[in-house]
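Please read the structure below before turning to the comments.
No hydrogens, no waters, no symmetry mates; every other heavy atom, side chains included, goes into these values. The structure presented is a predicted model; accordingly, all values stated were derived computationally and were not measured. Atoms within a ligand are numbered from 1 in the order they appear, just like the ligands themselves.
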Amino acid sequence: MKKLEGKIAVITGGNSGIGLATAQRFVAEGAYVFITGRRQSELDAAVRQIGKNVTGVQSDVSNLADLDRLYAAVKEQKGRIDILFANAGVGEFATLVAITEEHFDKTFGINVKGLLFTVQKALPLFQDGGSIILTASTAASKGVEGFSLYNATKAAIRSFARTWTVDLKQRKIRVNAISPGSIDTPASRLSLSGLVQSEQLSEQLKKNLMSTVPLGRIGSPDEVAKVASFLASDDSSYITGIELFVDGGSAQI
Ligand code: NAD
């Protein structure tokens, strides 16, 4: 019997990086997944890549009407949710003096407001005893320079996991956060290239970054997906409220 046999899962930001790898793994473990993303063409490509037991619903997590549309589609097709991976998130570098109101609203709008309403609006469809997994980050525990807005949104997410664990205890819904370190995804490649203009410098920056990771390398999206699958499944039946780091040890030393 597969680990997630017959489970219905929703994964926000499921068309790329960590979300896409997790959707692939959940389906391989026997689940049916709904994935979301903002761009229809990328969503369609991800649905083709996953191949079976998947529906793509174009929606922006910071738009509450889009979330209503997402859950209406889930309700119509499957009628319930067993697993929610609230994973969509964005981050752009800006030093304290450079932060603008627009930058603040976008980062908190997607990472905090979007994540909160993704979870809240899923609850009517949620099965008692289900699993909610939130994507935080090692950034919540570190002072990554020039990244204060992103770091603060991830600290808020870690806090949500604690409080929602007790808010949802009557329903036996488990809530846990995953905190990835440096994972090789389109988003992390983009932020590296945004920091430095030349290939050579980018390689140097990567080397410097790797020297801070005890395991000495960047992680793969599937290494996070494996942990999401563990937290989604009955293998983690006595785990709730935690922050599970998937960071090669970088935030542990
Ligand atoms: P990615 O860019 O490959 O994926 C991000 C996903 O989020 C995409 O599918 C994108 O469509 C979606 N998304 C962004 N804004 C959205 C919105 N408003 N509505 C709906 N979907 C939206 O990046 P990733 O690295 O796989 O990031 C996934 C999560 O992991 C994010 O929350 C990110 O902060 C977190 N994270 C990533 C790393 C890393 O090194 N890659 C480290 C720590 C945490």
Could you list, one pair per line, each nitrogen or oxygen of ligand 1 together with any protein nitrogen or oxygen closer than 3.5 Å, giving atom names and the distance rounded to 0.1 Å?
| from | atom 1 | to | atom 2 | distance (Å) |
| --- | --- | --- | --- | --- |
| ligand 1 | 3 (O) | S16 | OG | 2.5 |
| ligand 1 | 3 (O) | G17 | N | 3.4 |
| ligand 1 | 9 (O) | G13 | O | 3.3 |
| ligand 1 | 9 (O) | N15 | OD1 | 2.3 |
| ligand 1 | 11 (O) | N15 | OD1 | 3.3 |
| ligand 1 | 15 (N) | R38 | NE | 3.4 |
| ligand 1 | 15 (N) | R38 | NH2 | 3.3 |
| ligand 1 | 18 (N) | D60 | OD1 | 2.8 |
| ligand 1 | 19 (N) | V61 | N | 2.9 |
| ligand 1 | 25 (O) | T185 | OG1 | 2.6 |
| ligand 1 | 26 (O) | I18 | N | 2.8 |
| ligand 1 | 32 (O) | N87 | O | 2.8 |
| ligand 1 | 32 (O) | K154 | NZ | 2.9 |
| ligand 1 | 34 (O) | Y150 | OH | 2.6 |
| ligand 1 | 34 (O) | K154 | NZ | 3.1 |
| ligand 1 | 40 (O) | G181 | O | 3.2 |
| ligand 1 | 40 (O) | I183 | N | 2.9 |
| ligand 1 | 40 (O) | I183 | O | 3.3 |
| ligand 1 | 41 (N) | I183 | O | 3.2 |
| ligand 1 | 41 (N) | T185 | OG1 | 3.1 |

(request) Is it possible for you to check whether K78 lies under 6.0 Å from the centre of the six-membered ring of Y32, through NZ or CZ, and within 45° of that ring's axis? (result)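 Yes - K78 lies over the ring of Y32, closer than 6.0 Å to its centre and within 45° of its axis.
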(message) Taking T138's backbone N and O only, do any of them form a donor-acceptor pair with R158's side chain (distance below 3.5 Å, no angle check)?
(response)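 Not at all, since once roles are kept as given, no pair shorter than 3.5 Å links the two residues.
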N/O donor to acceptor pairs below 3.5 angstrom from side-chain atoms of residues 241-253, sequence neighbours left out:
| from | atom 1 | to | atom 2 | distance (Å) |
| --- | --- | --- | --- | --- |
| E243 | OE2 | S179 | OG | 2.6 |
| D247 | OD1 | G249 | N | 2.9 |
| D247 | OD2 | S250 | N | 3.4 |
| D247 | OD2 | A251 | N | 2.8 |
| D247 | OD2 | Q252 | NE2 | 2.8 |
| S250 | OG | D247 | O | 3.1 |

Indicate every side-chain donor-acceptor pair of residues 86-96 with a distance under 3.5 Å to a residue at least two apart or in another chain.
| from | atom 1 | to | atom 2 | distance (Å) |
| --- | --- | --- | --- | --- |
| N87 | OD1 | T135 | OG1 | 2.9 |
| N87 | ND2 | T12 | O | 3.2 |
| N87 | ND2 | G13 | O | 3.2 |
| E92 | OE2 | K106 | NZ | 2.6 |

(message) Quick one about D66 and S59 (side-chain donor to acceptor, distance below 3.5 Å, no hydrogens or angles considered), yes or no?
(response)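 Short answer, no.
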(message) Among residues at least two apart in sequence or on other chains, which ones pass salt bridge (charged side-chain N to carboxylate O under 4.0 Å, His left out) with R171?
(response)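 With neighbours one apart ignored, the set is D128.
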